[in-house]
K.L.:
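Starting off with a structure, shown below.
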Amino acid sequence: MSEYNPSEIENSIQKLWREEKRFVSIPDDREKFYCLSMFPYPSGKLHMGHVRNYTIGDVISRYKKMQGFNVFQPMGWDAFGLPAENAAISNEVSPSEWTKENIEYMKGQLNSLGLGYDWSKELRTCEPSYYKWEQLLFKKFHEKGLVYKKKALVNWDPVDETVLANEQVIDGKGWRSGAQVEIKEIDQWFIKITDYADELLESLDGLDWPENVKTMQRNWIGRSEGAHIKFKVENSEDHLTIFSTRPDTIYGASFLAISPQHEIAVGLSKENIEISDFLDRCKEMKAAEADMAKAEKLGIPTGINAIHPLTGKRLPIWIGNFVLLDYGTGVVMGVPAHDQRDFEFASKYNLQITQVINKENNELPSMDKGILFNSDKYDGLSSKDAISSIIQDLKAENLGEGLVQFRLRDWGVSRQRYWGCPIPVAYKNDEPFLIDESELPVKLPDLPEGAGPIPLSQNETFINSKDGFKRETDTFDTFMGSSWYYARFPSADNDDEIFDENSKYWLPVDLYIGGIEHAILHLLYSRFFHKALRDLGMVEGNEPFKKLLTQGMVLKDGAKMSKSKGNTVDPQAYIEKYGADTVRLYMMFTSPPEQSLEWSESSVEGSSRFLKKLWNLISGRKYKIINEPNALSDPAKELRRKAHITLMKVKNDYDNRYSFNTVIAAIMELFNSIPDQCKSSNASDEDLFCLNETIIFILKALFPIAPHISEYLWNEYAKDVLQEDIDSSWPKFDEKLMEADSFQLVVQINGKVRGKIDLSVNLTQDEIESSAKSIENIRDNLEGKEIRKVIYIKEKIINFVI
RNA sequence: GGGGAUGUGGUGGAACUGGUAGACACGCUUGGCUUAGAACCAAGUGCCGCAAGGCGUGGGGGUUCGACUCCCUCCAUCCCUACCA
């Protein structure tokens with residue numbers, strides 16, 4: 001017997017997989033299983049979160065293959081993004097060089113972990129062979145009316161004269177220049193995700209996703225029913241339209257508040273210096289989003305009044321820094337008695353507070369619905385009835401209507417960055433034209449040798465296109481690249497078609513695995529893309545990801561591992577020291593996939609220890625063919641029982657729970673329970689038969705998690721005898737073998753454990769009851785007491801209630 | 001402010017459908033092996049108590065013969081999001 005040498009076995013097994021092209025998947029008659037893990041951003045090297053994510057995906061893929069599925073598990077790179085530009089500046093390499101080097105290194109790491117990817121379908125979002133299709137999709141979305149241009153706000157660094165991403169704004173200042181960031185309004189491209197708001201919400205119901213993720217998406221989409229209500233502006237023909245979810249509180253309205261960006265506010269600022277100052281202050285605050293939570297609600301009166309549509313009373317119109325222009329109508333009716341924010345605002349500026357709901361309640365503000373008062377002819381109605389009759393009455397006067405409002409907003413996809421996919425548009429006389437399909441891709445120009453990444457807007461040769469056209473210089477949000485890659489993977493090696501027969505065969509993704517932090521944006525964008533692609537006739541089905549598994553974070557000392565906290569652990573050192581199998585086993589053993597995982601050095605040691613023990617038992621042994629014996633010794637029989645019970649439990653945990661930690665615990669327990677007489681060199685054939693079976697079960701059950709050692713030992717031990725590869729099948733358990741002759745009965749008095757007794761399974765309930773009563777401690781406790789009730793749970797518990 | 005989660009030994013966690021709380025592992029203690037250490041092997045290890053026994057799943061309350069599990073309430077921690085009318 002040799003010593004367990006992980007790097008040697010792992011190299012030889014990985015070589016075998018490469019030579020066999022083990023993980024190249026092609027359509028066939030088996031049921032398909034498309035297992036996708038969220039592709040990484042090539043930041044340099046893998047972090048522990050990647051290791052965890054990809055191990056989970058690989059475990060499930062390998063298990064599914066053993067269950068007879070045709071499995072497809074691809075991998076690629078979310079390769080555009082800001083870090084490449086930053087690295088380019090500090091390391092003086094081009095973003096493209098930097099990205100490519102990182103990909104090569106990280107790919108090596110993924111392979112050293114033994115992850116079974118079909119590299120023949122690898123894709124990189126930064127390559128023209130990928131993004132030309134992205135540009136085509138944008139064009140098709142445009143033809144469908146899903147794309148438009150409008151002005152939107154960006155963070156502007158006045159010193160560096162550049163647009164900043166949100167994460168580049170620190171405390172309202174540019175991260176590099178330290179200058180106060182300004183808000184600038186520029187033209188940007190938007191995608192009408194809101195066209196699909198209803199469907200994105202409704203089709204969540206049928207998805208096999210974690211409830212918490214579905215809830216988060218529902219809340220993000222934020223459907224709310226309410227009404228538009230028109231308020232006449234005093235001494236004017238104009239109206240202001242507000243949106244409210246509580247028309248029943250309209251008699252409590254004591255002011256209107258408009259957004260600082262509302263046209264009336266902007267108009268007034270031109271003549272009124274105070275208002276103009278106020279708007280400037282609001283702009284400064286917009287930059288420092290993090291502070292906004294604590295920010296005070298501020299307002300300034302416009303001096304204009306509105307007329308209440310039902311009472312005819314005059315209400316002052318204020319400008320409020322808390323009113324958003326792009327939600328609802330940019331105008332709010334202030335009902336201080338029944339809205340927290342309005343209450344604070346009214347208290348601060350001494351505006352009237354009129355209660356109109358639930359007379360007997362005197363704690364304000366109160367958001368509860370209830371019975372109206374102070375509301376004229378609607379007095380006594382419930383909120384629900386009042387809402388419908390008020391809307392009805394307003395509608396009759398053409399002063400309002402009920403409608404549904406979504407919180408979800410359209411998706412701004414323009415980024416003023418170099419390292420991204422160029423937006424395929426050119427302008428003539430400021431008129432945008434989508435680039436013709438035959439001219440795609442619009443390639444991202446290379447940077448001059450040694451130059452930093454300059455935005456396309458400063459690249460004259462790129463801008464000036466033929467026939468006097470000027471190119472769009474913005475690039476796409478990187479979420480664009482990651483929103484449809486799942487559909488491209490099966491066709492990644494096809495340069496002529498975006499989605500070919502392979503995509504049709506493999507889609508939808510059967511299981512998608514990734515971090516919970518993507519629960520909203522990425523998943524929502526992908527779901528939107530799938531629906532839009534469906535409506536373009538390019539994919540089938542309504543949803544891209546049938547099932548979703550969200551993994552928890554990897555923590556160190558109770559906090560998320562991150563570069564900024566300086567508590568990262570480099571997986572590479574552990575792969576080299578202990579081997580991939582140990583790292584994988586540790587990752588899967590330490591906590592279930594959905595929970596956070598606390599990294600602990602010493603526990604890694606424990607995983608390695610188990611693999612060594614496994615090696616020491618099996619290495620050098622050979623499977624011996626023995627006919628199923630008629631009779632077994634008690635220890636061998638017990639081992640066999642345990643082996644079959646374990647196999648059933650393990651299968652259930654793999655299939656229904658993804659709780660690999662309990663899979664491993666059960667395997668360890670089975671391993672620890674192998675009696676010495678079965679392991680000894682002079683074991684009988686009967687004992688060896690049970691040992692054989694147990695080893696087969698353990699290797700098969702462990703293979704998805706620690707594939708190298710399992711396959712290596714399998715090949716030594718059983719492959720030639722059984723004529724079978726380890727990953728080609730899954731053993732069957734026999735429920736008959738799980739039956740036991742006796743069981744342990746727990747005896748309780750009033751629900752407290754007072755004794756235990758081993759009993760034969762063949763006893764009647766009366767016999768069980770009297771056996772229980774015969775236990776000394778039970779007899780003493782029951783002495784002279786009246787038993788009021790006996791509860792018996794079969795082969796588990798008997799409880800005497802006295 | 002809104003939303004989502006979590007809380008069990010010294011530690012990571014188990015208990016899947018309301019039925020023996022602490023499986024499995026780490027750590028620790030003791031012993032063996034060793035010149036010594038590492039590794040390995042054996043035994044022990046929730047807390048209090050010499051013991052009998054009592055207590056124990058964030059706190060308090062409730063339902064139940066029986067609660068980590070269900071209900072109410074409070075507290076703490078983490079994540080996401082940012083004034084959504």
Side-chain angles (χ1 to χ4, degrees), chain A residues 210-220 222 224 226 242-246 249 257 285 289-297 320-324 326-335 338-342 344-345 405-409 515-521 552-553 555 558-560 585-586 589-592 594-607 609-610 612-613 616 649 652-653 656-657 659 661-672 744-753 755-756 788-794 796-802:
Chain A
E211 260 330 298
N212 60 337
V213 175
K214 292 207 269 186
T215 307
M216 280 153 93
Q217 292 228 342
R218 279 191 196 103
N219 290 333
W220 185 264
S224 56
I242 63 108
F243 174 73
S244 173
T245 51
R246 293 293 302 275
T249 64
M285 292 176 63
E289 280 185 319
D291 304 328
M292 276 167 63
K294 285 157 246 149
E296 228 184 329
K297 281 150 198 51
N321 67 345
F322 59 92
V323 184
L324 300 176
D326 40 5
Y327 182 77
T329 56
V331 188
V332 184
M333 77 172 178
V335 184
H338 303 293
D339 182 281
Q340 178 70 40
R341 199 185 26 226
D342 294 346
E344 284 175 40
F345 194 79
Q405 179 79 37
F406 290 94
R407 178 190 181 281
L408 182 70
R409 283 183 245 171
I516 183 77
E517 65 271 22
H518 296 294
I520 297 174
L521 292 181
M553 295 174 303
L555 309 177
K560 183 177 175 173
L585 183 69
Y586 169 76
F589 182 52
T590 302
S591 62
E594 309 213 71
Q595 277 180 39
S596 56
L597 181 154
E598 172 74 34
W599 178 262
S600 138
E601 181 91 19
S602 52
S603 302
V604 185
E605 198 81 50
S607 296
R609 207 176 286 166
F610 174 69
K612 268 186 221 159
K613 285 195 232 171
N616 292 341
K649 184 203 161 44
N652 178 53
D653 287 353
N656 305 323
R657 301 209 302 156
S659 74
N661 55 331
T662 55
V663 164
I664 295 163
I667 294 171
M668 286 175 167
E669 214 176 311
L670 175 61
F671 181 89
N672 293 341
Q744 189 191 52
L745 180 76
V746 172
V747 186
Q748 299 182 328
I749 293 175
N750 286 346
K752 289 202 183 273
V753 179
K756 290 171 190 178
R788 291 191 299 147
K789 206 170 168 186
V790 178
I791 288 142
Y792 175 62
I793 309 294
K794 191 170 186 284
K796 268 191 185 142
I797 277 179
I798 192 159
N799 186 13
F800 297 105
V801 184
I802 56 173

K.L.:
Return the nucleotide paired to B:U45: Watson-Crick means purine N1 to pyrimidine N3 with N6-O4 or O6-N4, wobble means G-U with N1-O2 and O6-N3, both under 3.5 Å.
P.N.:
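With both distances under 3.5 Å, B:U45 matches B:G27.
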K.L.:
Which whole-number value in Å describes the distance from A:Leu585 CG to B:C24 P?
P.N.:
16 Å
K.L.:
Using a cut-off of 4.0 Å on non-hydrogen atoms, how would the nucleic acid contact of A:Asn212 be classed: base, sugar-phosphate, or nothing?
P.N.:
sugar-phosphate
K.L.:
What about A:Phe345 and A:Phe322, are their ring centers closer than 6.0 Å?
P.N.:
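For A:Phe345 and A:Phe322, the ring centres are under 6.0 Å apart.
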K.L.:
The side chain of A:Met668 is closest to which nucleotide in this list: B:C83, B:C24, B:A85?
P.N.:
B:C24
K.L.:
Is any side-chain N or O of A:Arg407 closer than 4.0 Å to OP1 or OP2 of B:A82?
P.N.:
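No, outside the criterion.
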K.L.:
Provide, to the nearest angstrom, the distance between the CZ atom belonging to A:Arg609 and the C1' atom belonging to B:C24.
P.N.:
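For the pair A:Arg609 CZ and B:C24 C1', the rounded distance is 14 Å.
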K.L.:
Between B:U45 and B:G10, how far apart are the P atoms? Round to whole Å, please.
P.N.:
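It comes out at 15 Å once rounded to the nearest Å.
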K.L.:
A:Thr662 side chain: which of B:C79, B:A15, B:A85 is closest?
P.N.:
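The closest nucleotide is B:A15.
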K.L.:
Give the nucleotide from the list B:A15, B:U20, B:C24 with an atom nearest to the side chain of A:Arg657.
P.N.:
B:A15
K.L.:
A:Lys613 has a side chain; which of B:G12, B:G19, B:C41 sits nearest to it?
P.N.:
B:C41
K.L.:
Closest approach to the side chain of A:Ala665, judged atom by atom: which nucleotide of B:A14, B:A85, B:A23 is it?
P.N.:
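Between B:A14, B:A85, B:A23, the one nearest the side chain of A:Ala665 would be B:A23.
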K.L.:
Considering only atom C1', compute the distance from B:G19 to B:G27 and round it to an integer number of Å.
P.N.:
32 Å
K.L.:
Identify which nucleotide among B:G4, B:C26, B:C78 has an atom closest to any side-chain atom of A:Ser603, counting heavy atoms from C-beta outward.
P.N.:
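Looking only at heavy atoms from C-beta outward on A:Ser603, the closest nucleotide is B:C26.
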K.L.:
Answer yes or no: does a side-chain N or O of A:Asn219 lie under 4.0 Å from OP1 or OP2 of B:U81?
P.N.:
no
K.L.:
When you measure from the side-chain N and O atoms of A:Arg341 to the phosphate of B:C84, is any distance below 4.0 Å, counting only OP1 and OP2?
P.N.:
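It does, given that an N or O in the side chain of A:Arg341 lies less than 4.0 Å from OP1 or OP2 of B:C84.
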K.L.:
What's A:Val746 touching, base or sugar-phosphate or nothing? Going by heavy atoms closer than 4.0 Å.
P.N.:
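Base: the residue A:Val746, judged by heavy atoms under 4.0 Å, touches a nucleobase.
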K.L.:
Taking only the side-chain heavy atoms of A:Asn799 (C-beta and beyond), determine which of B:C24, B:C55, B:G19 contains the nearest atom.
P.N.:
B:G19
K.L.:
Identify whether any heavy atom of A:Gly606 sits under 4.0 Å from a base atom; if not, whether one sits that close to sugar-phosphate; answer base, sugar-phosphate or nothing.
P.N.:
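It contacts sugar-phosphate atoms only.
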K.L.:
Measure from the side chain of A:Ile793, starting at C-beta and using heavy atoms only, and say which of B:G19, B:A85, B:G13 lies closest.
P.N.:
B:G19
K.L.:
Taking atom C1' in both B:G62 and B:G54, compute the distance separating them and give it to the nearest angstrom.
P.N.:
25 Å
K.L.:
Taking only the P atom of each, what is the distance from B:U11 to B:G46 in whole angstrom?
P.N.:
14 Å
K.L.:
Does a side-chain N or O from A:Arg218 land closer than 4.0 Å to OP1 or OP2 of B:G4, or not?
P.N.:
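Looking at the OP1 and OP2 atoms of B:G4, neither is under 4.0 Å from any side-chain N or O of A:Arg218.
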K.L.:
Is there a Watson-Crick or G-U wobble partner for B:A14 with both distances under 3.5 Å, and which nucleotide is it?
P.N.:
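Base-paired to nothing in any strand shown.
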K.L.:
For A:Val790, which contact category applies under a 4.0 Å heavy-atom criterion: base, sugar-phosphate, or nothing?
P.N.:
nothing
K.L.:
What about A:Arg788, does its side chain sit under 3.5 Å from the base of B:C65 through a donor-acceptor pair?
P.N.:
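No, the side chain and the base share no sub-3.5 Å donor-acceptor pair.
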K.L.:
Could you work out the separation of B:A21 and B:G53 based on their P atoms and round it to a whole Å?
P.N.:
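Looking at atom P only, B:A21 and B:G53 are 16 Å apart.
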K.L.:
Describe the nucleic acid contact of A:Gln748 in one word from base, sugar-phosphate, nothing, applying a heavy-atom distance below 4.0 Å.
P.N.:
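Here A:Gln748 touches the bases of the nucleic acid.
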K.L.:
Could you check A:Phe610 against A:Phe589 for ring pair (Phe, Tyr, Trp, His ring centres under 6.0 Å), going step by step and ending with a plain yes or no?
P.N.:
CA-CA 12 Å; A:Phe610 174 69; A:Phe589 182 52; 8.6 Å; no
K.L.:
Please determine whether a side-chain nitrogen or oxygen atom of A:Lys756 lies at a distance below 4.0 Å from atom OP1 or OP2 of B:U20.
P.N.:
no
K.L.:
OP1 or OP2 of B:A25 versus the side-chain N and O atoms of A:Asn672: is any pair under 4.0 Å?
P.N.:
yes
K.L.:
Determine the interatomic distance between P on B:U17 and the same-named atom on B:G7; round to the nearest Å.
P.N.:
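Comparing P positions in B:U17 and B:G7 gives a spacing of 15 Å.
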K.L.:
Looking at side-chain heavy atoms only, is the closest gap between A:Lys649 and A:Thr662 below 4.5 Å?
P.N.:
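Touching, per the 4.5 Å side-chain cut-off.
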K.L.:
Taking the side chain from A:Asn799 and the backbone from A:Asn750, do they hold a donor-acceptor pair closer than 3.5 Å?
P.N.:
yes
K.L.:
Does B:G1 have a Watson-Crick or wobble partner in any strand here, with both distances under 3.5 angstrom, and which is it?
P.N.:
B:U81
K.L.:
If we take the C1' atom in both B:U8 and B:A67, what is their distance in whole Å?
P.N.:
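These two C1' atoms come out 14 Å apart once rounded.
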K.L.:
For A:Ser224, report the nucleic acid contact type (base, sugar-phosphate, nothing); a contact means any heavy atom under 4.0 Å.
P.N.:
nothing
K.L.:
Between B:C16, B:A85, B:A14, spot the one nearest the side chain of A:Asn661, thanks.
P.N.:
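Within the option list, the nearest is B:A14.
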K.L.:
Taking NZ, NE, NH1 and NH2 as the nitrogens, is one of them in A:Arg341 or A:Glu344 under 4.0 Å from a carboxylate oxygen of the other?
P.N.:
no
K.L.:
How far does the P atom of B:A76 sit from the matching atom of B:C65, given to the nearest Å?
P.N.:
35 Å
K.L.:
Which part of the nucleic acid, if any, lies within contact of A:Phe589, taking any heavy atom under 4.0 Å across all strands shown: a base, the sugar-phosphate backbone alone, or nothing?
P.N.:
base
K.L.:
B:C65 pairs with which nucleotide, Watson-Crick or G-U wobble, both distances below 3.5 Å?
P.N.:
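The answer is B:G19, by the H-bond criterion.
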K.L.:
Side chain of A:Pro592 only, heavy atoms from C-beta on: which candidate in B:U20, B:G13, B:G3 is closest?
P.N.:
B:G13
